[in-house]
Amino acid sequence: MSQFKPCAGKTACRDDNVNCLVCGRSLQAIEATRKLIDGLTELAMAEDYDNVDEFAAYVAAKVVKKVRHRREGSTSTD
């Protein structure tokens, strides 16, 4: 498994056309993350949530729960 390192910001980003040389993540993963965040942002805006922090915390907790559940269901011997 690898460790997630948060983006230092678009202005700090340097890449080799495959990976960010600052955070080490693939440009594909960075773009996918940005699209997902944009989609969640659009949903929160469309629903006009006043409690955006609670929405974000709910989403974060659900991601953690689903990843753990899927890993536990894995039959990998790693």
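- Residues meeting the ring pair (Phe, Tyr, Trp, His ring centres under 6.0 Å) test with Phe55, sequence neighbours left out: Tyr49.
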What side-chain donor-acceptor pairs closer than 3.5 Å can you find for residues 18-30, not counting sequence neighbours?
from, atom 1, to, atom 2, distance (Å)
Arg25, NE, Lys5, O, 3.2
Ser26, OG, Ala29, N, 2.9

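- Side-chain heavy atoms closer than 4.5 Å link hydrophobic residues (I, L, V, M, F, W, Y) into clusters, and following such links, possibly through other members, connects Leu43 to Tyr58.
- Crowding of Asp50 atom CG: a count of heavy atoms from other residues, nucleotides or ligands under 6.0 Å not exceeding 12.
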Next item on the list: Just do the side-chain contact (heavy atoms from CB on, under 4.5 Å) check on Asp15 and Asn17 with the steps written out, would you?
Entry: CA-CA 6 Å; Asp15 68 78; Asn17 292 320; 3.5 Å; yes
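- Just one of Lys35, Glu42, Arg34 meets the side-chain contact (heavy atoms from CB on, under 4.5 Å) condition when paired with Asp38; it is Glu42.
- The side chain to side chain donor-acceptor pair (under 3.5 Å) search around Asp48 returns none, not counting sequence neighbours.
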